[in-house]
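Notes follow once the structure below has been shown.
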2 protein chains.
Amino acid sequence: MATMVDVARIAGVSISTVSHVLNGTRNVEPATRKKVQSAIEQTGYRQDTLARAMRRSRTESIGLVVSDAGEPAFAEMVHGVENAAAERGLTLLLANSAEDADREQRAVRTLLDRRVDGLILARAAASPDSLLAGLRDDKAPIVLLDRLYRDLPFDQVGGENRDSMRQLVGHLTSRGHRRFAVIAGDLRVPTLQERLDGFFDGLRDAEVDPVDQLIVKDSSLDALTHALGDPASRPTAVIACSTPLAVQGLTALEASGLSTPADVAFATFDGFAYPDLFSPRLTTVRQPAYDMGVAAVGLLADRLASPDSSPRTLRLRQALELRESTELHSVAERA
Amino acid sequence: MATMVDVARIAGVSISTVSHVLNGTRNVEPATRKKVQSAIEQTGYRQDTLARAMRRSRTESIGLVVSDAGEPAFAEMVHGVENAAAERGLTLLLANSAEDADREQRAVRTLLDRRVDGLILARAAASPDSLLAGLRDDKAPIVLLDRLYRDLPFDQVGGENRDSMRQLVGHLTSRGHRRFAVIAGDLRVPTLQERLDGFFDGLRDAEVDPVDQLIVKDSSLDALTHALGDPASRPTAVIACSTPLAVQGLTALEASGLSTPADVAFATFDGFAYPDLFSPRLTTVRQPAYDMGVAAVGLLADRLASPDSSPRTLRLRQALELRESTELHSVAERA
DNA sequence: CTGTTAGCGCCTTCAC
DNA sequence: GTGAAGGCGCTAACAG
């Protein structure tokens, strides 16, 4: 591999001149510039990004850690981050945490070790507080994505989870539903806690008694299966608060021999990749995941530019997509 | 950030000793080792991976380029690669090519610039031959994943596409199907060409006339929609050769008002994330995607260890998962 | 068993 | 407008 020294020798100039034409960092006589450029072509010289990064302590790259880039919502965010980063000439380094605190820790370390200029992080459910505490010493700025924590001095981008759930519940109550099952998931995930909060907001709006509702918090679905099995106590609508939770919910419905929307209405957050191929088509609160990714890069770039401005939190609006699974002809209306 | 010099000073030893305890690269008196270690703790010293990589010209990291880590088949491969890499202490750098030749080129460059020790590459459909040609100069070894090209001097991991399709067709012909539509996709993708080849193998096995078959090669589905619309010429079974092609096929079926498997049987390659939630459940030839990822890392690690052994190609068996969409009670039997 | 020293390839003051 | 030289943090001879 050719180095700057080779180029300099061939061009008959000093390496410092080569460096300067490479980086456009000071004026050089057009003639010498030409010589340098042709020497570059001739040798097939390419900058050594490592040496460069070492000298400048900047890599023009950012890191992204998500729990699983294969999940639809995250996949979209990844696309958003990728494109926005590419547009700014930033290289993206991607890592999965597999929703595991240890792997998350390792992924963050790895990227920081690789000297990314900044980090975008969708924290794992069990992400310890110590993670972020440890990060604050590092000079690389962090942007929190999707899973936002109050009172943290970081830039953050998320969705209007609470409000979206409230709207969804409003829709369902207006259709006559009074008895819900909410598959709420791991409430250490702030996103899920926000959605659950929104659920109660929605009940309050419609003056529905919270006591009648089934909230499934852990991953064991026994309570749900049980409730579905008993016609007397059966909810008329099931709400899943994320895609994996929807999978569990639909599986439970299936096992109970119930069909949607005939026996019970169903709605989910985040949703599946090809909503129109599902049958029934599922009513979905969809994250503006792509835009969230773009926004995260924007915040990060801004912070890179001005490290001391005060942290900003962005909440993006989500779309309520109404489909068959919460259609009119549900059990709630017929009751 | 503390450096080796700091540690050496505090421990009262030379930096070379520090380096050697860090890397276990030569014997050091237990007593001095202790001193060094406590100095490390004290200063919170962490190795500078960049400086280290620069010196050793090895980064203990590998790169992976796929067209879209969000697509189910690739997502699985990514997981396989991640875990296998982690197990060997290799850091993974991931990039998407978005099935675009330029972006692929850029992604490869970026990773190589970052000095990955090796690269795993699932080439984009339009990937130019020049890409690989240019790579051969680089010293970093390449492993081709999923999309395999004959007569290329690289290690490769793929699936038994041709044979799987042959089996699938065997299954369908044994159920009475004689008239197929194959959504074959972009035949520049070798995987897809192999699958199409297998289709004709299967026809030959069952002595079915290839002339009666509809092969949809481009992304325009007009021919398919047209064929489905005409009861006289309508195929009794549709085979989609990848997940995105299945989406197109199902959409076309839907638009034609036909249902599966009552009106027409349907089978797909690669498939969807939650096959049991689809209705109808789709018969699927599933890639051992995770294992392919693991195998790719294995090949890469082997080559890193012995750069001059001759290239190997691995073909993994695929699973034919029979589900409702090709069930007995199809139009073909009734005919 | 330990220390000294020469770079890896590049950027950047400082001098001319 | 250009060059010389120091050093980023680390590893690997080479000495002792």
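Keep in mind the model is a prediction, meaning the values are calculated, not measured. Below, read A as the first sequence line, B as the second, and so on, with proteins coming before strands; counting in each chain starts at 1.
- The side-chain heavy atoms of B/L119 and B/V143, taken from C-beta on, include no pair separated by under 4.5 Å.
- The CG atom of A/L111 lies 8.5 Å from the CG atom of A/L64; values are rounded to the nearest 0.5 Å.
- For the OP1/OP2 pair of C/dT2 and a distance below 4.0 Å, the side-chain nitrogens and oxygens of B/T32 include at least one atom meeting the criterion.
- One can place CG of B/L22 at 7 Å from P of D/dT11, the figure rounded to the nearest angstrom.
- Between the side chains of A/R106 and A/S97, no donor-acceptor pair of N or O atoms lies under 3.5 Å.
- DNA chain D lies under 4.0 Å from no heavy atom of any residue of residues 36-45 of chain A.
- With respect to A/R123 and A/D146, no salt bridge is recorded, no charged nitrogen being found less than 4.0 Å from a carboxylate O.
- Summarising the geometry of B/L152 relative to B/L132, their closest heavy-atom pair is CD2-CD1, 3.4 Å, with the distance given to 0.1 Å.
- Within 4.0 Å of A/V13, counting heavy atoms only, lie sugar-phosphate atoms of the nucleic acid but no base atom.
- When each of A/S14 and B/N23 is assigned the nucleotide of DNA chain D with its nearest heavy atom, A/S14 is the one assigned upstream, toward the 5' end.
- Between the side chain of B/E60 and the main chain of B/T91, no donor-acceptor pair closer than 3.5 Å is present.
- Between A/H20 atom NE2 and D/dG3 atom C1' the separation is 11 Å, expressed in whole Å.
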Distance-only criterion, 3.5 Å: show the donor-acceptor pairs between side-chain atoms of residues 7-14 of chain B and protein atoms not counting sequence neighbours.
unit_1 : atom_1 : unit_2 : atom_2 : d
B/R9   : NH2    : B/D6   : OD1    : 3.1
B/S14  : OG     : B/S16  : N      : 3.3
B/S14  : OG     : B/T17  : N      : 3.3
B/S14  : OG     : B/T17  : OG1    : 3.4

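- Of the residues in residues 52-61 of chain A, those placing a heavy atom less than 4.0 Å from an atom of DNA chain D are A/M54, A/R55, in numerical order.
- Computed from coordinates, the B/E29 CD to C/dG3 P distance equals 11 Å when rounded to whole Å.
- Per the geometry, CG belonging to A/D113 stands 15 Å off P belonging to D/dG9, to the nearest Å.
- In this structure the side chain of A/Q156 never reaches within 4.5 angstrom of the side chain of A/R312, judged on heavy atoms.
- For the pair A/A2 and B/I15, both in contact range of DNA chain C, the more 5′-proximal nearest nucleotide belongs to B/I15.
- Checking D/dT2, C/dG3, D/dC10 against the side-chain heavy atoms of B/R26 singles out C/dG3 as nearest.
- Protein atom CG of A/D6 is 9 Å distant from nucleotide atom P of C/dG9, rounded to whole Å.
- Contact between the side-chain N/O atoms of B/S19 and the OP1/OP2 oxygens of D/dT11 is found at a separation under 4.0 Å.
- For the pair A/L50 CG and D/dC10 C1', the interatomic distance rounds to 12 Å; values are reported in whole Å.
- Rounding to the nearest 0.5 angstrom, the gap separating the CD atom in A/E82 from the CZ atom in B/R103 is 5.5 Å.
- Taking the side chain as every heavy atom from C-beta outward, A/R46 and B/D113 approach each other to under 4.5 Å.
- Regarding contacts with the backbone of C/dT12, every side-chain N or O of A/S16 stays at 4.0 angstrom or more from both OP1 and OP2.
- If you take NZ of B/K35 and P of C/dC1, they are 15 Å apart, rounded to a whole angstrom.
- To the nearest angstrom, C1' of C/dC10 lies 15 Å from CZ of A/R46.
- Contact annotation: A/T17 side-chain N/O to D/dG1 OP1/OP2 distance is not under 4.0 Å.
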